[in-house]
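If you read the sequence from its start, that first residue is 1, and numbering goes on from there. Counting starts at 1 for both ligands and their atoms, following the listed order.
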Amino acid sequence: MTNQGPAERRAFGIDIGGTGMKAAVVDLDTGDLSTERHRIDTPKPATPAAMAEVVRELVAVHGWTGSVGCAFPAVVRNGVVGSAANIDDSWLDVDADAVFTDAIGAPVHMLNDADAAGVAEMRFGAGRGRDGVVMMLTFGTGIGSGLFVDGILVPNTELGHLELDGFDAEKRAAASAKKREDLSWTQWAERVERYLRHVEALFSPELFIVGGGASKQADRWLPKVSIGTEIVPAVMQNNAGIVGAALNAP
Ligand code: BGC
């Protein structure tokens, strides 16, 4: 851990994904990481007990003893997991806050991963100072959504699971679909555009922020997407989940 000035406010964030669990100490005033990011492969199967062990390890590696915020790729209502599209089914209805709090002996609070990324982008990134309806969308294994109204999060919107053309939308337009179906950037951008136009028609946001794995290469596909709403890539990229999680630490 690095030495920091006394004025710095810090918190610990963990971003849990299907393949990796990443953690760091976060400077809450700047949104910068105060330590190196540490990553451990998500255990297989990713059961609550196996993941709690990794959470314990991530906290120990950093010598962190305080509370922890956690971003999780599912619906999380008051700490309880409410969906399992891309995670192990054994998480359904589990009080994840309680499981991880038990594991580390300090309070843990979980929130949806796209909500966490959106919180970070609204505070420090592409959504900074933006009022009205702002929609964060993450394109990775699934599609995650974070809806903000005048900067306030409406949690667990799950817009990746809108039905579109008879499909669960994320099955066709997530970044994983590009890989799975070997689509060109142009072909994939067409799907993303179709999806965005649908979300646009339903919510009329003032701004879309697009994040997740695909935002690292936004220059390859974003220029091919033509919609009526302002759309910008996320600026915090890999760290948005960790930072948003830390901002929500109890
Ligand atoms: C899940 C969401 C999650 C998104 C991105 C979806 O399949 O249902 O909760 O935010 O993937 O990880």
Looking at ligand 1, is there an atom of it that comes within less than 4.0 Å of some heavy atom belonging to Ile143?
yes
Could you tell me which atoms of ligand 1, counted from 1 in the order shown, lie closer than 4.0 angstrom to a heavy atom of His161?
1 (C), 6 (C), 7 (O), 8 (O)
Tyr195/Trp188 aromatic ring centres below 6.0 Å:
no
Measuring from Arg130:CZ to Asp150:CG, what's the distance to the nearest 0.5 Å?
12.0 Å
Could you check whether His161 and Asp168, counting side-chain N and O atoms only, form a donor-acceptor pair closer than 3.5 Å?
yes
Atom indices of ligand 1 within 4.0 angstrom of Ala85 heavy atoms, with elements:
7 (O), 8 (O)
Please report the C-alpha distance between Arg172 and Glu190 in whole Å, then the side-chain angles of each, then the deciding distance to 0.1 Å, and finally whether the salt bridge (Lys or Arg N to Asp or Glu O under 4.0 Å) criterion is met.
CA-CA 11 Å; Arg172 298 192 30 106; Glu190 275 168 20; over 6 Å; no
If you draw the axis of the six-membered ring of Trp185, does the NZ or CZ of Lys178 fall within 45° of it and under 6.0 Å from the ring centre?
yes
Hey, which atoms in ligand 1 end up nearer than 4.0 Å to a heavy atom of Asn112?
2 (C), 3 (C), 9 (O), 10 (O)
For Asn86, atoms of ligand 1 separated by under 4.0 Å from a heavy atom:
6 (C), 7 (O), 11 (O)
Decide yes or no for Asn239 and Arg37: does some side-chain heavy atom of the first lie under 4.5 Å from some side-chain heavy atom of the second?
yes
Identity of the nearest option to atom 9 (O) of ligand 1, non-hydrogen atoms only, from Glu170, Lys171, Glu158:
Glu158
Check whether any heavy atom of Ala74 sits under 4.0 Å from an atom of ligand 1.
yes
If you measure every N or O of Ser83 against every N or O of ligand 1, does any of those distances drop under 3.5 Å?
no
Using modelled atom types and a 3.5 Å cut-off, is there a donor and acceptor pairing between side-chain atoms of Arg197 and backbone atoms of Ser226?
yes
If you count the atoms of ligand 1 from 1 in the order shown, which ones are under 4.0 Å from a heavy atom of Gly144?
4 (C), 5 (C), 10 (O)
To the nearest 0.5 Å, how far apart are CD1 in Ile40 and CD in Glu57?
3.5 Å
If I apply the N/O under 3.5 Å rule, does Ser145 come out as touching ligand 1?
no
Closest protein heavy atom (residue, atom, distance) for atom 5 (C) of ligand 1
Asp113 OD2, 3.5 Å
